[in-house]
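What follows is a set of notes on a single structure, which appears directly below.
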Amino acid sequence: MSITVFNTLSGKKEEYKPINPDYSGFYVCGPTVYDYFHIGNARPFIVFDVIRRFLIFRGYNVRYVMNLTDIDDKIINRAKEEGVTSKEIADRYINAFFEDIQKLGIRPADVYSRATDHVPEIITIIKKLIAVDAAYATAGDVFFDVKQFSRYGQLSKKKLEDLQAGKRIAVDELKKNPADFVLWKKAKPGEPSWPSPWGNGRPGWHIECSAMSMKFLGNSFDFHGGGQDLIFPHHENEIAQSCASSGCDTFAKYWLHNGFLDMKGEKMSKSLGNFITARELMEIYPASTIRLFYLQKHYRGPIDFSEDGLNAARTTAERLALTYKKLARLTPGYTGDFEMESRQQTPRLKEFHHRISTLDEELIAAMEDDFNTPGAIGKLFDIVREVNKFIDEGAAEEQEKEVLAWVQGKLDDYDRFLGVIDKSQGGIDHERMDAVMRAVIKLRHSLRKEKNWPLADQLRDGLTEAGIILEDSPAGTTWRWRK
RNA sequence: GGCGGCGUAGCCAAGUGGUUAAGGCAGAGGUUUGCAAAACCUCCAUUCAUCGGUUCGACUCCGAUCGCCGCCUCCA
């Protein structure tokens with residue numbers, strides 16, 4: 001089956017057809033590194049990483065590029081406040097960014113590009129834009145002339161005359177048209193700046209993405225992702241300046257935009273002050289819980305942040321992890337190299353295999369339909385139930401373990417793009433902890449043999465307080481960490 | 001004012017022009033267990049904001065209304 005994606009440009013779902021057979025270019029707007037990113041900012045990082053990983057799963061050779069905006073007003077202000085250079089601020093929060101995404105289970109991009117490393121490329125584009133009359137220089141600033149780009153407004157469906165220019169922010173009187181935007185900003189005293197044909201200054205906000213996406217992915221590439229608030233003006237401006245300078249018809253072919261994370265019905269943002277950083281949240285919830293919380297909603301819709309929602313996701317994540325670990329315990333040494341035809345088939349085995357195969361197809365079909373992760377996760381839990389039932393009914397035979405290993409392989413496949421199964425063992429040296437617990441379980445076993453229930457229960461209750469859950473079964477007692 | 005989106009059970013959330021409207025959380029009952037935990041089984045929306053229209057048939061298509069949100073300014 002083919003993959004369909006909702007394209008903001010057309011406002012419709014479209015079949016994904018790569019521009020280039022060799023690779024799929026994917027550009028995502030990254031962070032402005034003046035502070036730790038908050039959990040609203042985390043949404044595009046997570047969802048576009050999942051989309052990219054699903055494309056890889058489906059065999060596409062994805063080249064994934066993310067910019068790091070390391071020069072802008074906020075960084076400059078922050079540097080002034082702290083009495084350090086802009087570069088020190090940027091470096092600090094770039095490092096923090098890498099730490100945080102790693103903890104969130106986000107795979108690194110193939111290319112991270114810093115705006116300040118691409119000033120020559122940016123200047124080249126601006127020169128070109130001036131040469132074709134798409135931009136004009138005033139006293140030290142350079143502006144893009146939106147009137148010169150006929151397709152302006154195509155992405156955001158806005159008409160220039162409908163914009164309420166100046167309603168909330170005063171229009172710069174140097175501009176020919178209120179919608180014109182700055183490509184090069186004249187340096188103010190004490191600000192970091194670079195030499196240019198128009199004097200010392202620094203790049204405008206939108207131009208870096210054009211310069212870097214075209215440098216690493218070419219004039220036309222497949223996907224461009226970002227938050228819905230970037231549709232206008234940022235992405236609209238990117239299209240204008242990129243196509244005006246390169247002459248391309250298509251800049252990015254598919255525009256993907258994620259919905260917001262709301263706090264009590266209101267967009268979470270730094271300026272509103274209603275945010276919580278990703279690192280703060282990760283002190284409370286494991287990454288698998290946070291990822292599940294996001295991925296149980298479709299990437300284009302809004303999510304309302306809530307503690308209840310996160311707590312529910314934690315329980316959900318635990319159910320998934322428990323089943324996965326149970327499966328893993330049963331299948332050491334089995335390859336999962338399971339061919340239904342070559343095995344002796346019991347009706348039960350056949351039925352199980354058939355059900356999992358069907359659910360597998362449905363799960364993948366959900367992902368193919370505009371990356372419907374909530375639908376896919378629904379199927380994942382259907383699989384969880386089937387597996388638990390199958391194991392409950394007894395799975396001791398060789399071929400049954402082989403089919404379980406096959407299912408485990410499926411779960412591993414899904415998790416290669418979803419990343420919601422917590423396979424960790426709790427952060428403490430598991431080998432030694434397990435040895436200690438074996439001794440404790442042995443002691444309790446003796447107590448139970450003597451039917452000394454009060455002491456056996458007291459021991460178990462004490463462990464529960466310490467965050468350890470014991471589970472008795474005919475096969476013996478196992479222990480695990482409480483989430 | 002212009003543009004875009006959303007409104008499905010107690011909560012979160014998929015989905016479809018037509019047999020039983022996924023899944024998760026919470027809740028109820030049961031199986032299992034010394035008691036638990038985990039797991040499994042059963043139950044939990046005659047109904048998809050409201051009102052009209054198209055249709056043999058709509059929750060799904062169209063229109064209107066109400067409510068909520070976002071963009072038009074830096075913003076994921």
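Naming convention: chains lettered A, B, ... in sequence-line order (proteins, then strands); numbering from 1 in each chain. The structure displayed is predicted, hence computed values, not measured ones. Side chains included, hydrogens not; waters and symmetry mates left out as well; all remaining heavy atoms used.
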Phosphate-side-chain proximity, [X] and [N], N/O vs OP1/OP2 below 4.0 Å:
X      : N     : result
A:K297 : B:A14 : no
A:R319 : B:G24 : yes
A:N41  : B:A76 : yes
A:N372 : B:A14 : no

Hey, does the side-chain of [X] have a donor or acceptor N/O within less than 3.5 Å of a partner on the base of [N]?
X      : N     : value
A:N311 : B:C25 : no
A:R385 : B:C40 : no
A:R460 : B:A36 : yes

Just how far, in rounded Å, is [atom2] of [N] from [atom1] of [X]?
X      : N     : atom1 : atom2 : result
A:H234 : B:A76 : NE2   : C1'   : 11 Å
A:R448 : B:U33 : CZ    : P     : 12 Å
A:N177 : B:C72 : CG    : C1'   : 14 Å
A:E471 : B:A37 : CD    : P     : 10 Å
A:I71  : B:C74 : CD1   : C1'   : 15 Å
A:H235 : B:C71 : NE2   : C1'   : 13 Å
A:L447 : B:A36 : CG    : C1'   : 16 Å
A:N274 : B:A76 : CG    : C1'   : 13 Å

Measure from the side-chain heavy atoms of [X] and tell me the nearest of [options].
X      : options             : value
A:K158 : B:G23, B:A76, B:C3  : B:C3
A:D472 : B:A76, B:A36, B:A38 : B:A36
A:T316 : B:C25, B:A14, B:C72 : B:C25
A:A312 : B:A14, B:C72, B:C25 : B:C25
A:H298 : B:A14, B:C25, B:A38 : B:A14

Margin query: Between A:E393 and A:K389, does any NZ, NE, NH1 or NH2 come within less than 4.0 Å of an OD or OE carboxylate oxygen?
Written below: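 Judged by the 4.0 Å cut-off on N to carboxylate O distance, A:K389 and A:E393 do not form a salt bridge.
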Check: Is the shortest distance from a Lys or Arg side-chain nitrogen in A:K410 or A:D413 to a carboxylate oxygen in the other one below 4.0 Å?
Finding: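 No salt bridge links A:K410 with A:D413.
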Heavy-atom distance under 4.5 Å between the side chains of [X] and [Y], does that happen here?
X      : Y      : value
A:R114 : A:I94  : yes
A:H206 : A:Q241 : yes
A:N67  : A:Y27  : yes

Rounded distance in Å between the [atom1] positions of [N] and [M]:
N     : M     : atom1 : answer
B:U8  : B:A21 : C1'   : 9 Å
B:G15 : B:G23 : P     : 15 Å
B:U54 : B:C43 : P     : 39 Å
B:C51 : B:C66 : C1'   : 10 Å
B:C71 : B:G10 : C1'   : 34 Å
B:G67 : B:U50 : P     : 15 Å
B:A28 : B:C6  : P     : 36 Å
B:U33 : B:A38 : C1'   : 11 Å

Side chains of [X] and [Y]: donor-acceptor distance under 3.5 Å anywhere?
X      : Y      : value
A:R314 : A:N311 : yes
A:Y299 : A:D370 : yes
A:D412 : A:Y324 : yes
A:R107 : A:Y64  : no
A:D73  : A:Y34  : no

Who does [N] pair with, Watson-Crick or G-U, both distances under 3.5 Å?
N     : result
B:G63 : B:C51
B:A39 : B:U31
B:G1  : B:C72
B:U16 : none
B:U46 : none

Scan [X] against the nucleic acid and name what it touches under 4.0 Å (heavy atoms): base, sugar-phosphate only, or nothing.
X      : value
A:I231 : nothing
A:N388 : sugar-phosphate
A:R444 : base
A:K389 : sugar-phosphate
A:G227 : sugar-phosphate
A:F260 : base
A:G309 : nothing
A:I303 : nothing
A:D382 : sugar-phosphate

Check: Taking A:Y414 as the fixed residue, which of A:V420, A:I421, A:I364 is the one that meets the side-chain contact (heavy atoms from CB on, under 4.5 Å) rule?
Finding: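 Checked A:V420, A:I421, A:I364 against A:Y414; only one passes side-chain contact (heavy atoms from CB on, under 4.5 Å): A:I364.
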Item checked: Worked check of side-chain contact (heavy atoms from CB on, under 4.5 Å) between A:I303 and A:F293 -> CA-CA 9 Å; A:I303 298 182; A:F293 177 72; 3.7 Å; yes
Next item on the list: Would you kindly compare A:Y299 and A:P454 by the position of their nearest RNA chain B nucleotide and give the one closer to the 5′ end?
Entry: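 Checking each residue's closest nucleotide, the 5'-ward one belongs to A:Y299.
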Note to self: Can you give me the closest heavy-atom contact between A:F143 and A:D141, atom names plus distance?
What the structure shows: CE1-CB, 3.8 Å
Just the atom pairs and distances: protein N or O near nucleotides 4-7 of chain B's N or O, under 3.5 Å.
none

Using a cut-off of under 3.5 Å, enumerate the N/O to N/O pairs linking the protein to nucleotides 60-63 of chain B.
none

Notebook entry, point to check: Does the ring of A:F390 carry A:R348 above it, NZ/CZ under 6.0 angstrom from centre and within 45° of its axis?
Noted result: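 Satisfied, under 6.0 Å and within 45°.
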Check: Is the ring of A:W453 stacked on the base of B:G34, with centres less than 5.5 Å apart and planes under 30° off?
Finding: yes
